[in-house]
A.B. asks: 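Here's a structure for you.
For ligands, and for the atoms within them, numbers begin at 1 and follow the listed sequence.
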Amino acid sequence: NSPRPAVLTVVNLPPFYLEPLRQHFTVHERLHEADPEAFARIAPGIRAITGGGESNVPRALMDQLPALEIVSIMGVGYDRVDVRTAVDRGIPVTHTPDVLNDEVADLALGLMLSVARRIPQADRYTKAGLWAEQGNMPLARKMSGARLGIVGLGRIGKAIAQRAAAFGMSIAYTGRSQQPEAAHPYFATPRELAANVDFLVVITPGGAGTRHLIDASVLQALGPKGFLVNVARGSVVDEQALVQALQQGVIAGAALDVFENEPQVPPALRALDNVVLTPHMASATRETRQAMADLALANLRAHFAGERLLSPVPECR
Ligand code: NDP
């Protein structure tokens, strides 16, 4: 009976991941943060790291783990994992694509409806008894039939397009390159796309390649009737420029699931009436988080069984 491989977790994991993980591995829960001395003693034996999409796995951590063999991320985004260091050491990184497409796309549509129809504001208005006191709310904006621009027509972007089509929306997109098989019109830059749509939905990866892709000039192009929805990563949008644009009516409104300095949300953003904010919850349902946990565990088990990984990140394929 060989000992169970040692795994370091780098974020708090839900019980439906932690419990099955413990059946197959010796789990050291965030020991590097909880007890650095104890961590130093067991670090040489750690063979795997796991955590959610927000996991910070810098080189400094990997350097302390000479026996590290795999990093398994329970999430599709892995922008805080130093993949280059992992690749240099021959350590595969895995993630959980596809199983969350529906969920993230559902939230994107929910946020579009929320910001255009002012559903959260209407809920607060009704609960506060203002309907009887002040009468009907001002009229909102129609979403069905409007023009949608998708920044990043990937797995999730395509699921958003599918749903938007059912709302009779016209769909266009941008990305680093045009996709020959995509029927939707392509614009080479976010700015050109923004100038031609009513809703701009951002669903690219985070990291250096997309930092502040949505800047003041893109918001200017989106214009005073345009809405911005970000379900990608906070880093993709210049948050300061966005706050200014919202304060000055450069755009009509924004709905954001992600922020530059999570879980901190700037007070200036929270104070605005034309925004809808959610706490990075696009994949946060029991069903989808379970599917993500199952896939993250399956990748770890496949690795230690000497089998093919189910979902390595593109850099490790
Ligand atoms: P994919 O890799 O399938 O799609 C990403 C898309 O972004 C591609 O179409 C790609 O097109 C485009 N893209 C990449 N880099 C750039 C760039 N520099 N400029 C413009 N477009 C770019 O990923 P998924 O659809 O599976 O996931 C997308 C992201 O969504 C994740 O990486 C994650 O950050 C975020 N996410 C957020 C969640 C939340 O809770 N809010 C939950 C799940 C995911 P091209 O290659 O042509 O540029």
A.B. asks: Is there a side-chain contact between V202 and T210, using heavy atoms and a 4.5 Å cut-off?
C.D. replies: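 Heavy-atom side-chain distance check fails, nothing below 4.5 Å.
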
A.B. asks: Under 3.5 Å between any N/O of L153 and any N/O of ligand 1: does that happen in this structure?
C.D. replies: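 So ligand 1 has an N or O lying under 3.5 Å from an N or O of L153.
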
A.B. asks: Please determine if G154 has a nitrogen or oxygen closer than 3.5 Å to a nitrogen or oxygen of ligand 1.
C.D. replies: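 Yes; the residue has a nitrogen or oxygen that sits under 3.5 Å from a nitrogen or oxygen of the ligand.
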
A.B. asks: With atoms numbered from 1 as shown, which atoms in ligand 1 lie under 4.0 angstrom from a non-hydrogen atom of S177?
C.D. replies: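 In order of number, 47 (O).
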
A.B. asks: Between S311 and T96 (side chain of the first, backbone of the second, donor and acceptor by atom type, cut-off under 3.5 Å), is there such a pair?
C.D. replies: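 No, S311 side chain to T96 backbone: no donor-acceptor pair under 3.5 Å.
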
A.B. asks: Is there at least one pair of N or O atoms, one from D79 and one from ligand 1, spaced under 3.5 Å apart?
C.D. replies: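 By distance alone, the answer is no.
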
A.B. asks: Are D106 and R163 close enough for a salt bridge, meaning some N to O gap below 4.0 Å?
C.D. replies: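 Salt bridge between D106 and R163, a charged N being under 4.0 Å from a carboxylate O: yes.
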
A.B. asks: Give me the nearest non-hydrogen protein atom to atom 21 (N) of ligand 1 as residue plus atom name, then the distance to 0.1 Å.
C.D. replies: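 Nearest neighbour among protein heavy atoms for atom 21 (N) of ligand 1, to 0.1 Å: G175 CA, 3.5 Å.
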
A.B. asks: Taking R147 for the side chain and A172 for the main chain, is one N or O donor matched with an acceptor at less than 3.5 Å?
C.D. replies: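 Not confirmed, R147 side chain does not pair with A172 backbone.
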
A.B. asks: Going by heavy-atom distance to atom 7 (O) of ligand 1, choose the closest among P205, A182, P314.
C.D. replies: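 That would be P205.
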
A.B. asks: Counting heavy atoms only, which part of R155 comes closer than 4.0 Å to ligand 1: side chain, backbone, both or neither?
C.D. replies: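 For R155, the contact with ligand 1 is made by both the backbone and the side chain.
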
A.B. asks: Determine whether the side chain, the backbone, both or neither of A232 has a heavy atom under 4.0 Å from any heavy atom of ligand 1.
C.D. replies: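 Within the 4.0 Å criterion, A232 contacts ligand 1 through backbone atoms alone.
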
A.B. asks: With no hydrogens and no angle check, is any side-chain donor or acceptor of D257 less than 3.5 Å from a backbone partner on H280?
C.D. replies: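 Answer holds: yes.
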
A.B. asks: Could you tell me whether R191 atom CZ has more than 12 heavy atoms of other residues or ligands within 6.0 Å of it?
C.D. replies: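 No.
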
A.B. asks: Counting heavy atoms only, name the option from V76, V313, I156, T204 that's nearest to atom 29 (C) of ligand 1.
C.D. replies: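 It is T204 that holds the nearest heavy atom.
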
A.B. asks: Considering residues, nucleotides and ligands other than R270, do more than 12 of their heavy atoms fall under 6.0 Å from its CZ?
C.D. replies: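 For R270, atom CZ is crowded (more than 12 foreign heavy atoms under 6.0 Å).
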
A.B. asks: Identify whether the distance between the nearest side-chain nitrogen and carboxylate oxygen of D273 and R118 falls below 4.0 Å.
C.D. replies: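 So D273 pairs with R118 through a salt bridge.
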
A.B. asks: Strictly under 4.0 Å, does any heavy atom of P97 approach an atom of ligand 1?
C.D. replies: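 Outside the 4.0 Å threshold, so no.
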
A.B. asks: Just by distance, do the side chain of R155 and the backbone of N101 share a donor-acceptor pair under 3.5 Å?
C.D. replies: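 No, the answer is negative, given that no donor and acceptor are paired below the 3.5 Å cut-off.
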
A.B. asks: Check ligand 1 against V104 and write out every atom of the ligand that is under 4.0 Å from a heavy-atom position of the residue.
C.D. replies: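 Listed by number with element: 42 (C), 43 (C).
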
A.B. asks: Below 3.5 Å, can you tabulate the donor-acceptor pairs from side chains in residues 235-247 to any protein atom, sequence neighbours excluded?
C.D. replies:
from	atom 1	to	atom 2	distance (Å)
D238	OD1	Q240	N	3.3
D238	OD1	A241	N	3.2
E239	OE2	E260	N	2.9

A.B. asks: Please could you name the atoms of ligand 1 that L213 approaches to less than 4.0 Å, counting only its heavy atoms?
C.D. replies: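 Contacts of ligand 1 toward L213, numbered from 1: 19 (N), 20 (C).
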
A.B. asks: What are the atoms of ligand 1, with element, lying closer than 4.0 Å to any heavy atom of D257?
C.D. replies: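 Those qualifying, in numeric order: 39 (C), 40 (O), 41 (N).
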
A.B. asks: Based purely on interatomic distance, does T174 place a nitrogen or oxygen under 3.5 Å from a nitrogen or oxygen of ligand 1?
C.D. replies: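 For ligand 1, there is no N or O atom that lies under 3.5 Å from one belonging to T174.
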
A.B. asks: Relative to the heavy atoms of H280, which atoms of ligand 1 are at a distance of less than 4.0 Å?
C.D. replies: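 Reading through ligand 1 atom by atom, the close ones are 39 (C), 40 (O), 41 (N).
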
A.B. asks: Out of E103, R233, R176, K158, whose heavy atom sits nearest atom 16 (C) of ligand 1?
C.D. replies: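 Shortest heavy-atom distance from atom 16 (C) of ligand 1: R176.
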
A.B. asks: Is the closest N or O pair between V231 and ligand 1 shorter than 3.5 Å?
C.D. replies: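 Indeed, backbone or side chain, V231 has an N or O that close.
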
A.B. asks: Starting from atom 12 (C) of ligand 1, which protein heavy atom do you reach first, and at what distance in Å?
C.D. replies: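 Ranked first by proximity to atom 12 (C) of ligand 1 is G152 CA, 3.7 Å.
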
A.B. asks: Which is closest to atom 28 (C) of ligand 1 by heavy-atom distance: T189, L107, I203?
C.D. replies: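 Considering heavy atoms of T189, L107, I203, the nearest to atom 28 (C) of ligand 1 sits in I203.
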
A.B. asks: Without swapping roles, check the side chain of R301 against the backbone of E307 for a donor-acceptor pair under 3.5 Å.
C.D. replies: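 Here the side-chain-to-backbone pair does not exist.
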
A.B. asks: Would one find an N or O of G209, backbone or side chain, under 3.5 Å from an N or O of ligand 1?
C.D. replies: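 Yes.
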
A.B. asks: With sequence neighbours left out, write down each residue that passes side-chain contact (heavy atoms from CB on, under 4.5 Å) with P314, or none if nothing qualifies.
C.D. replies: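 Per chain and number, P314 pairs via side-chain contact (heavy atoms from CB on, under 4.5 Å) with Y78, H95, R317.
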
A.B. asks: Counting N and O atoms only, with roles assigned by atom type, does the side chain of Y173 sit under 3.5 Å from a partner on the main chain of G154, one being a donor and the other an acceptor?
C.D. replies: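 No, because the side chain of Y173 does not come within donor-acceptor range (under 3.5 Å) of the backbone of G154.
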
A.B. asks: Show the atoms of ligand 1 that are less than 4.0 angstrom away from any heavy atom in A282.
C.D. replies: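 Reading through ligand 1 atom by atom, the close ones are 39 (C), 40 (O), 41 (N).
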
A.B. asks: Just distances here: any N/O of T210 and N/O of ligand 1 closer than 3.5 Å?
C.D. replies: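 The answer is no, given that T210 and ligand 1 share no N or O pair closer than 3.5 Å.
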
